[in-house]
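Everything below concerns the one structure shown next.
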Amino acid sequence: MPELPEVEIATRNLRSWLAGERLTRVELPSSRVLRGVAPEALSKLLAGKRVETLERRGKWIRLALSGGAVLHSHLGMTGKWVLRDRSDGPQKYERARFDTRRRSVRYLDPRLFGRLLASPHGEPLAAWDALGPDPLVDGIDARVLGATLARTRRSIKEALMDQSVLAGVGNIQAAEALWRARIHPQLAADRLARDPAAVRSLARAILASIEFTLRDEAGPEITYVEEPGARNPFKVYGRAGEPCPRCSASLKRIVQGGRSTVFCARCQRRSALTSGGGCATRRRT
DNA sequence: AACGGAACCTGAAAGC
DNA sequence: TGCTTTCAGGTTCCGT
């Protein structure tokens, strides 16, 4: 279940597998992932084309093909791109297969929240165009972020998950960044925006969490933290009831906007413009 | 216009 | 043991 770091890793992998290669075989079994697109039309559009460039913005991947067609991939909650042998048959939950002369790349997606969308002539994708700044592609300008946050009264946690605020931040990265910046997830975004130092701290924390996750998860085949047997590399996500890695208080779980947030009620402060939080230790993570 | 909640799916884990 | 409930990191749509 991918956020920015997982999609970045998928993009790098796909680039190393497909960039410059011609698609010799394309298989697209009909599924919800195609969202109303006729599978045959899409296969026909892609087969024989060369993959020229791959880029990521937020949680979207864009593949530019020879001849001007563009393919957009969103991994939803359970999508992943993996490398298999060309002699391997269909994998469990396989929704797409792209073979080149040397490789066989498969898209697997059990829950079918992912999407594969084609623009035959490179037509823009509204969801891509609506994305806010991407922390890795564009960096985070704390003044711009502050101005954006000042425009909403929602909680900072919910605001961070809005893809027009920062592209690619999801439930895990939002929770992790807020913990790193010692900001309470229920603090109103516009209140936080009144404290430029706190916004700068949050911007740094978002980048630090993304980069930490990238280093931790990089590899040819990602295991998402929710999958059975997966280890959990995160500081607070999925750790309700465990001790805070910084101050040892028991981590709490609350629900915001229908999604769970884990945080430390002792060292994440509820109000901007007040120092405190009762946590004296400062440890690099 | 902005926001909250339900809907979209399947599978694993927890609860009874 | 087996059935039921809950939960999961995505977006979108609909009603207020």
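Labels below follow one simple rule: chain letters A, B, ... track the order of the sequence lines, proteins then strands, and each chain is numbered from 1. Note: hydrogens, waters and symmetry copies are ignored here, and every other heavy atom, side chains too, is used. For clarity, every value in this text was computed on a predicted model and none was experimentally measured.
At least one side-chain nitrogen or oxygen of A/R32 sits closer than 4.0 Å to the OP1 or OP2 atom of B/dC9.
Here A/R253 lies in heavy-atom contact (under 4.0 Å) with sugar-phosphate atoms only. Among the heavy atoms of the strands lying under 4.0 Å from A/R259 is at least one base atom, whether or not backbone atoms are also near. If you check every strand for non-hydrogen atoms under 4.0 Å, A/T78 touches nothing. At the heavy-atom level, A/G170 lies under 4.0 Å from the strands shown only through sugar-phosphate atoms. Residue contacts shown for A/Y93 are limited to sugar-phosphate atoms, with no base heavy atom under 4.0 Å away.
C/dT4 and B/dC9 have their P atoms separated by 22 Å, with the value rounded to a whole Å. As rounded to the nearest Å, C/dT12 and B/dG11 have C1' atoms that lie 23 Å from one another.
Whole-Å rounding puts the A/N232 CG to B/dA12 P distance at 19 Å. Summarising the geometry, the separation between CD1 on A/I156 and C1' on B/dC3 is reported as 16 Å, rounded to the nearest angstrom. Spacing between atom CD of A/E227 and atom P of B/dA13 amounts to 11 Å, rounded to whole angstrom units. Atoms CZ (A/R111) and P (C/dT12) sit 16 Å apart, rounded to a whole Å. For the pair A/E217 CD and C/dG9 P, the interatomic distance rounds to 14 Å; values are reported in whole Å. Whole-Å rounding puts the A/E158 CD to B/dG5 P distance at 9 Å. In this structure, the NE2 atom of A/H72 is 19 Å from the P atom of C/dG10, given to the nearest Å. Remark: C1' of C/dT12 and NZ of A/K59 are 13 Å apart, rounded to the nearest angstrom.
Stacking of A/R180 on the aromatic ring of A/F212 is recorded, both the 6.0 Å distance cut-off and the 45° axial limit being met.
Counting only distance, with no hydrogens or angles, the side chain of A/N232 and the backbone of A/Y237 share a donor-acceptor pair below 3.5 Å.
Judged by Watson-Crick or G-U wobble contacts below 3.5 Å, the nucleotide C/dG9 has no partner. Base pairing analysis places B/dC9 opposite nothing; no Watson-Crick or G-U wobble pair with both distances below 3.5 Å involves it.
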*May I have the step-by-step check of ring-ring contact (aromatic ring centres under 6.0 Å, His included) for A/F98 and A/W81, ending in yes or no?*
CA-CA 10 Å; A/F98 295 158; A/W81 288 97; 5.6 Å; yes
- Output, in order, the C-alpha distance, side-chain angles, deciding distance and verdict of side-chain hydrogen bond (donor to acceptor under 3.5 Å, both in side chains) for A/S155 and A/Q186. CA-CA 5 Å; A/S155 71; A/Q186 287 175 322; over 6 Å; no
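Side-chain atoms of A/R154 stay outside donor-acceptor range of the base of B/dA2, with no qualifying N/O pair under 3.5 Å. Looking at A/Q173, its side chain has no donor and acceptor atom pair within 3.5 Å of the base of C/dG9.
Listed candidates were B/dC3, C/dT11, C/dG9. Nearest to the side chain of A/T152 is B/dC3.
Residues A/L160 and A/V144 fall into different hydrophobic clusters, defined by Ile, Leu, Val, Met, Phe, Trp and Tyr side chains chained together at heavy-atom separations under 4.5 Å.
In this structure, A/I156 and A/H184 have side chains that are not in contact, with every pair of non-hydrogen atoms separated by 4.5 Å or more.
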